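Remarks on the structure that follows.
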Amino acid sequence: MTVVDIGACCSGLRPVQRLGRRHFLQLAGGAGLMAISPSPTSAAEGDYQAMLLSCIDPRMVSPVYTYMNQRGLAGQYSQFVIAGAAIAVVAPKFEAWRPAFWDNLAATVQLHHIKRLIAIDHRDCGAAQIAYGAASIANPQIEAETHRKVFEELRGELGKRQPNLTVETGLMALDGSIKMFG
């Protein structure tokens, strides 16, 4: 076996460790890969399209994912998932949750250079009932009006906190169909 004395080949180092040729080459190859790999900091950064704000309701995971993919946004958005989606960001009942959303939005703006927020609330949302009472979702028209007001308030807050972002807001039915609010 050929032995390489790495201490002898590097001035100032003692010959304390001897490596076989194969092990030396493995070590050198690994160091080379590390040198050309992006750092963890730069790997998290990039230019992405949006942040998705959606609800934790398990019924909505697949429909929301499908919607984003159909829009051609797969791999192009960060996401923040919280009970009630936009309701969590503006309802007085959930005031304690707000900083988590705004801090995460600021982080994705800084790291991912997003251009817009896509907020998707959904019908039959338990968080809407918790925040605003059963009457707020009593029928489809009242429910839509509740979400319209929530989206309006979200737009106002976003304009103050992240004025360079645009916002898209939509109310998704349980079947995945969506009504956008402008």
Side-chain angles (χ1 to χ4, degrees), residues 43-182:
E45 294 181 14
D47 291 320
Y48 297 93
Q49 294 297 312
M51 175 188 239
L52 168 65
L53 171 62
S54 62
C55 186
I56 64 169
D57 190 318
R59 299 173 297 171
M60 301 314 299
V61 173
S62 291
V64 169
Y65 178 78
T66 299
Y67 171 76
M68 295 299 282
N69 282 347
Q70 287 172 342
R71 292 200 48 199
L73 292 171
Q76 289 299 311
Y77 63 93
S78 58
Q79 57 187 345
F80 191 84
V81 183
I82 191 167
I87 292 167
V89 179
V90 300
K93 180 79 173 176
F94 304 124
E95 185 174 357
W97 297 355
R98 292 178 191 169
F101 170 74
W102 293 113
D103 290 348
N104 275 267
L105 181 61
T108 197
V109 166
Q110 180 180 344
L111 292 172
H112 306 136
H113 314 120
I114 64 163
K115 299 158 189 65
R116 65 185 181 263
L117 172 67
I118 301 171
I120 300 177
D121 286 5
H122 68 90
R123 292 198 178 270
D124 192 35
C125 182
Q129 187 171 349
I130 291 169
Y132 301 116
S136 70
I137 58 170
N139 67 49
Q141 292 77 23
I142 293 171
E143 182 181 37
E145 181 60 17
T146 297
H147 287 279
R148 187 196 64 73
K149 289 177 183 174
V150 165
F151 291 145
E152 186 177 303
E153 192 172 344
L154 175 66
R155 285 178 195 286
E157 282 299 311
L158 188 69
K160 292 177 202 170
R161 297 170 183 259
Q162 294 288 342
N164 295 326
L165 292 183
T166 60
V167 64
E168 298 174 17
T169 54
L171 179 59
M172 185 172 279
L174 299 180
D175 67 3
S177 59
I178 190 164
K179 176 183 178 176
M180 298 305 289
F181 290 79

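Please read these numbers as outputs of a predicted model, since none were measured by experiment. By convention here, the first residue in the shown sequence is residue 1.
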- Item | Sequence neighbours excluded - side chain to side chain donor-acceptor pair (under 3.5 Å) pairs with any residue from residues 61-72 | Y65-N69, Y67-R71, R71-E168
- Minimum-distance pair of heavy atoms, taken over all atoms of P163 and G159: CB-O, 3.3 Å
- Task: Over all heavy atoms of both residues, which pair between A85 and D121 is shortest? Give the atoms and the distance, please.
- Result: CB-OD1, 3.1 Å
- Looking only at heavy atoms, what is the nearest atom pair of A88 and I82, with distance? CB-CG2, 3.7 Å
- Kindly write out the residues that satisfy ring pair (Phe, Tyr, Trp, His ring centres under 6.0 Å) with F181, not counting sequence neighbours, or none if the list is empty. F151
- Message: Ignoring hydrogens, what is the shortest heavy-atom contact between R123 and L174? Give both atom names and the distance.
- Response: O-CD2, 3.7 Å
- Sequence neighbours left out, what pairs pass side chain to side chain donor-acceptor pair (under 3.5 Å) with at least one residue falling in residues 76-91? S78-T108
- Rounded distance (nearest 0.5 Å) linking atom CZ of R155 with atom CG of L165: 12.5 Å
- Output for pair (L53 CG, I87 CD1), nearest 0.5 Å, gives 10.0 Å
- Query: Is there any side chain to side chain donor-acceptor pair (under 3.5 Å) pair reaching into residues 172-182, and which pairs are they, with sequence neighbours excluded?
  - Reply: D175-S177
- Message: Tell me every residue that passes ring pair (Phe, Tyr, Trp, His ring centres under 6.0 Å) with F80, counting only those two or more places apart in sequence or in another chain.
- Response: F101
- Candidate pair D124 and R59, rule side chain to side chain contact (heavy atoms under 4.5 Å, CB included), full reasoning: CA-CA 10 Å; D124 192 35; R59 299 173 297 171; 2.7 Å; yes
Distance-only donor-acceptor hits, side chain of residues 132-139, under 3.5 Å, sequence neighbours excluded:
unit_1: S136; atom_1: OG; unit_2: G133; atom_2: O; d: 2.6
unit_1: N139; atom_1: OD1; unit_2: Q141; atom_2: N; d: 2.9
unit_1: N139; atom_1: OD1; unit_2: I142; atom_2: N; d: 2.9

- Query: Are V89 and E157 close enough that some pair of their side-chain heavy atoms sits under 4.5 Å apart?
  - Reply: no
- Check P63 against G176 and note the closest heavy-atom contact, atom names and distance. CB-CA, 3.9 Å
- Message: Just verifying a value: how many Å separate L171 CG and I178 CD1, rounded to the nearest 0.5 Å?
- Response: 7.5 Å
- Quick one: pull up CG in L73 and CG in L52 and give me the separation to the nearest 0.5 Å. 9.5 Å
- Item | Residues K149, E153: salt bridge by 4.0 Å N-O rule | no
- Item | Q49: which of M68, H112, R116 passes side-chain contact (heavy atoms from CB on, under 4.5 Å) | R116
- Message: With a 4.5 Å cut-off on side-chain heavy atoms, are M51 and N104 touching?
- Response: yes
- Side-chain contact test, heavy atoms from C-beta onward, threshold under 4.5 Å: evaluate it for L158 versus L105 and give yes or no. yes
- Message: Using every non-hydrogen atom in the two residues, find where C55 and G84 come nearest and quote the distance to one decimal.
- Response: SG-N, 3.3 Å
- Query: Roughly how far, to the nearest 0.5 Å, is CE of M172 from NE2 of H147?
  - Reply: 12.5 Å
- Query: Would you call L154 and L117 a side-chain contact if the rule is heavy atoms closer than 4.5 Å?
  - Reply: yes
